[in-house]
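Each ligand, and each atom within it, is numbered from 1 in the order the structure gives.
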Amino acid sequence: MEKYLIKGGNKLHGEVTISGAKNAAVAILPAVVLSDEPCIIENVPNISDIDFIIKILLAMGAEVTMLNRSTLRIDPRRIHTPVVEYDLAKNLRASYYFLGALLGKIGSARVSMPGGCDLGARPVDQHLKGFNSLGAECAVEHGMIRVSAEHLVGAHIYFDGVTVGATINVMLAAVKADGLTVIENAAKEPHVVDLANFLNSMGADIMGAGTDVIKIRGVKSLHGTQYSIIPDQIEAGTFMVAAAATGGDLLIKNVIPKHLESITVKLQKIGVYIEEYDDSIRVVGGGHLEKTNVKTMPHPGFPTDMQPQITTLLTLAEGTSIVTEGVWDNRFKYVNELRRMGADISVDGKVAVVEGVGHLMGAPVKATDLRAGAALIIAGLCASGTTEIEDIHHIERGYEDIEKKLRSVGADIRKVGIPDTMLAQAL
Ligand code: EPZ
C-alpha cells in the first residue's frame with residue numbers, strides 16, 4: 001500500500017506545468033473508435049484512468065503505440081470485440097463512453113456498468129434515453145449495459161438535467177447517425193467542447209458545443225487526425241488553491257485562463273492575488289483570507305470537481321463560509337478526514353458550514369475519492385507537522401506526477417510504501 005507523506009509548512013514557489021485534461025482525454029480516446037484511420041493524440045495525461053482506457057482499447061483489438069510520454073497513436077481498424085468487461089469497466093466512469101462510440105461505429109456494444117468516484121447515485125438513464133431516441137435498443141442485464149441498433153437516425157433530445165456524460169455519449173453515437181441530432185440542455189464543460197473539436201477534426205459536423213444546444217449532422221465516415229488535448233482545468237485549479245493555501249507564489253503554465261474564471265473569481269474574493277497571462281496564471285497567497293460562499297454548478301459555474309479543494313482553503317479563512325454542492329448527492333465524505341486535521345465543518349445534506357480555524361494539523365487520513373485526495377494534499381501542505389495520506393490510487397487516477405510536480409515547487413511530499421500491484425502479487 002502506497003502513501004503520501006507530507007511535511008507541511010512550505011510555501012509553493014516557482015513554475016509548474018499543467019498536463020492534458022483527464023475528462024477530455026477519457027472521452028477522446030474512446031472516440032477514436034469512430035475513425036476509419038489511425039489517429040495521433042497529443043497532450044495525453046499520464047494517469048491511471050488513461051492506462052485503463054488503453055487496456056480497454058487493446059482488449060477490443062485496437063493498436064495503441066506510445067510515440068512519446070504524452071502522445072499516442074491509436075489504430076482502431078482491427079477492433080473485433082465491442083465489449084468492455086467488468087474487470088476493466090469497474091475502474092472508471094468513462095468506460096461507458098465506449099457505448100456511444102461503438103454504437104456509432106458498428107451499431108452495437110456491451111459495457112459493464114461503470115465504476116468511478118463514489119459521489120452518491122450516478123444513474124445512466126439520460127444516456128440510455130439519448131441512445132433510445134436515436135433508434136437504439138438498450139438493456140441492462142447481469143451488470144452489463146447492452147445497446148444495439150440496425151440503423152441510427154438523428155433525433156431531438158432534451159436532457160432532464162445537465163449531464164456531461166450523457167451529452168458526450170450521445171454526441172459519440174450521433175456523429176454518424178442519419179440526419180440531424182439536436183441535444184438541448186447540453187453540458188457546456190470545456191471537455192465537451194474539446195471532444196466536439198476532436199470529432200470535427202475527423203470530419204464530423206458538430207455545431208454549438210459550449211452552448212445549451214448542440215447540433216450534430218451525421219456524416220458517412222470519419223478520417224484520421226492529429227489532435228492535442230486541452231490543459232486540465234481541475235489540475236490547474238488544484239495548484240491555484242495549493243498556492244493560495246500555502247501562501248506561495250506560483251506560475252501555473254499551460255492553462256486556458258478562460259476555463260479557470262469561476263475559480264479565479266472565488267479566489268480573488270477570498271483575498272488571493274491573481275495575474276492572468278495568455279496561457280499561464282500566477283497565484284500569490286499570503287494575505288488575509290476572507291470567508292465566502294460557494295455553490296457548485298455545471299459549467300460555467302464553480303466546478304464540483306474543485307469543491308473539496310476550495311472547502312479546504314476556506315478552513316484557513318476568517319469567518320464562516322457556506323459551501324453548497326449543486327451537482328452530486330454525496331460529495332462531502334472527505335470532511336471527516338479534514339476534521340481529523342482540526343477543521344471545523346458541519347455537513348447537512350448538500351450544504352457544508354465551514355468555520356475558519358486559521359490553521360490545520362497534520363494527521364493520518366484517507367483519500368475517499370480523487371478530488372477528496374487532492375484536498376487532503378492541500379491540507380497536508382499547509383498543516384503543521386506530518387500528514388500521511390492513504391488510498392492514493394484515487395489521486396493517481398487523475399493527477400499526473402502530482403508529488404513530483406509539488407516537490408519541484410518546494411513542497412515536502414514523498415510517496416512511500418509498497419505499490420498496490422506488488423502487494424496484490426504477494427498475497
Ligand atoms: C463528469 O461526470 C466528470 N467525470 C466528473 O468528474 C464531474 O464531477 C461531473 O462530470 C460533473 O462535472 C468525467 O468526465 C469522467 P454528469 P459525469 O453526468 O459525466 C446526474 C472527477 O473528479 N445524472 O454531468 O458522470 C448525476 O447523478 C469526476 O474528475 C443523471 O441523473 O457527471 C449528477 O447528479 C468526478 N442521469 C448530474 O447528473 C444520467 O443519466 C451530473 O452528472 C447522468 C447523470
Asks: With a cutoff of 4.0 Å, is Arg331 in contact with ligand 1, counting heavy atoms of the residue only?
Replies: yes

Asks: Around His142, counting heavy atoms of other residues, nucleotides and ligands shown, do more than 12 lie under 6.0 Å from its NE2?
Replies: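 For His142, atom NE2 is not crowded (no more than 12 foreign heavy atoms under 6.0 Å).
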
Asks: Is it the case that atom NZ in Lys350 sees more than 12 heavy atoms from other parts of the structure closer than 6.0 Å?
Replies: yes

Asks: Assess whether side-chain contact (heavy atoms from CB on, under 4.5 Å) is satisfied between Thr387 and Leu376, documenting all intermediate values.
Replies: CA-CA 9 Å; Thr387 297; Leu376 293 173; 5.9 Å; no

Asks: Under 3.5 Å, is there a donor-acceptor pair between the side chain of Asn169 and the main chain of Tyr96?
Replies: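 Indeed, once roles are kept as given, a pair shorter than 3.5 Å links the two residues.
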
Asks: Between Lys129 and Tyr158, is there a donor-acceptor pair closer than 3.5 Å when you use the side chain of the first and the backbone of the second?
Replies: yes

Asks: Using every non-hydrogen atom in the two residues, find where Arg73 and Asp75 come nearest and quote the distance to one decimal.
Replies: NH1-CB, 4.0 Å

Asks: Of the protein's non-hydrogen atoms, which lies at the shortest distance from atom 27 (O) of ligand 1, and what is that distance?
Replies: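 Protein heavy atom at minimum distance: Pro123 CD, 3.3 Å.
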
Asks: Give me the residue, atom name and distance of the protein heavy atom closest to atom 18 (O) of ligand 1.
Replies: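 Minimum-distance protein heavy atom for atom 18 (O) of ligand 1 reads Thr163 OG1, 2.8 Å.
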
Asks: Has ligand 1 got any nitrogen or oxygen that is less than 3.5 angstrom from a nitrogen or oxygen of Gly165?
Replies: yes

Asks: Would Tyr96 count as a contact residue for ligand 1, given that I'm defining contact as a non-hydrogen atom of the residue lying under 4.0 Å from a ligand atom?
Replies: yes

Asks: Atom 25 (O) of ligand 1: which protein heavy atom is closest, and how many Å away?
Replies: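 Of the protein heavy atoms, Arg122 NH2, 3.0 Å lies nearest.
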
Asks: Among side-chain atoms of Glu396 and Ser48, is any donor-acceptor pair under 3.5 angstrom?
Replies: no

Asks: Short N/O distance, under 3.5 Å, between Ala166 and ligand 1?
Replies: no

Asks: Do ligand 1 and Thr304 have nitrogen or oxygen atoms that lie under 3.5 Å from each other?
Replies: no

Asks: Please work out, at 4.0 Å between heavy atoms, whether the side chain, the backbone, both, or neither of Val164 comes within that distance of ligand 1.
Replies: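 It is both parts that get close, each with some atom under 4.0 Å.
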
Asks: Against heavy atoms of Val327, which atoms of ligand 1 measure under 4.0 Å?
Replies: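 This gives 33 (C), 34 (O), 41 (C) as the contact atoms.
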
Asks: Which atoms from ligand 1 have a heavy atom of Val162 less than 4.0 Å away?
Replies: 38 (O), 41 (C)

Asks: Tell me, which protein residue and heavy-atom name are nearest atom 33 (C) of ligand 1, and how many Å apart are they?
Replies: Trp328 CZ3, 3.5 Å

Asks: How about atom 20 (C) of ligand 1: does it have a protein heavy atom within less than 4.0 Å?
Replies: no

Asks: By number and element, which atoms of ligand 1 are closer than 4.0 Å to a non-hydrogen atom of Asn23?
Replies: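 Listed by number with element: 3 (C), 4 (N), 6 (O), 13 (C), 14 (O), 15 (C), 29 (O).
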
Asks: Within the structure, is a non-hydrogen atom of Gly398 found at a distance of less than 4.0 Å from ligand 1?
Replies: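 It does not, in that no heavy atom of Gly398 comes within the 4.0 Å cut-off of ligand 1.
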
Asks: Rounded to the nearest 0.5 Å, what separates atom CG in Leu195 from atom CG in Asn200?
Replies: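 Nearest 0.5 Å value for the CG-CG distance: 9.5 Å.
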
Asks: Counting both backbone and side chain atoms, is some N or O of Gln126 under 3.5 Å from an N or O of ligand 1?
Replies: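 Yes, Gln126 has an N/O under 3.5 Å of an N/O on ligand 1.
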
Asks: Between Ser262 and Pro300, which heavy-atom pair has the shortest distance, and what is it?
Replies: CB-O, 3.8 Å

Asks: Classify the side-chain pair Thr296/Glu325 by whether it contains a donor and acceptor separated by less than 3.5 Å.
Replies: yes

Asks: For atom 22 (O) of ligand 1, what's the nearest protein heavy atom and its distance?
Replies: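 Of the protein heavy atoms, Arg371 NE, 2.8 Å lies nearest.
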
Asks: Any idea which of Thr167, Ile234, Asn169, Asp125 brings a heavy atom closest to atom 36 (N) of ligand 1?
Replies: Asp125

Asks: Against heavy atoms of Val124, which atoms of ligand 1 measure under 4.0 Å?
Replies: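 Every atom of ligand 1 under 4.0 Å from some heavy atom of Val124: 40 (O).
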
Asks: Taking 4.0 angstrom as the limit, do Asp305 and Lys22 come out as a salt bridge?
Replies: no

Asks: Val365 and side-chain contact (heavy atoms from CB on, under 4.5 Å): which single residue from Lys3, Met341, Arg339, Glu390 fits?
Replies: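 The side-chain contact (heavy atoms from CB on, under 4.5 Å) with Val365 is passed solely by Met341 among Lys3, Met341, Arg339, Glu390.
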
Asks: Backbone or side chain, does any N or O of Val26 fall under 3.5 Å from an N or O of ligand 1?
Replies: no

Asks: I'd like to know whether ligand 1 has Leu119 as a neighbour, heavy-atom separation below 4.0 Å.
Replies: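 It does; at least one heavy atom falls under 4.0 Å.
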
Asks: Which label fits Phe198 and Tyr227: parallel for a plane angle under 30°, tilted from 30 to 60°, or perpendicular past 60°?
Replies: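 Correct class here is perpendicular.
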
Asks: Is Lys22 close enough to touch ligand 1? Criterion: a residue heavy atom under 4.0 Å from a ligand atom.
Replies: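 It does; at least one heavy atom falls under 4.0 Å.
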
Asks: Look only at the side chain of Asn43 and the backbone of Ser228, and say whether a donor-acceptor pair between them is shorter than 3.5 Å.
Replies: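 Between the backbone of Ser228 and the side chain of Asn43 there is no qualifying donor-acceptor contact (under 3.5 Å).
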
Asks: For atom 6 (O) of ligand 1, what's the nearest protein heavy-atom neighbour? Residue, atom name and distance, please.
Replies: Asp305 OD2, 2.8 Å

Asks: Would you say Leu128 touches ligand 1, if touching means a heavy atom closer than 4.0 Å?
Replies: no

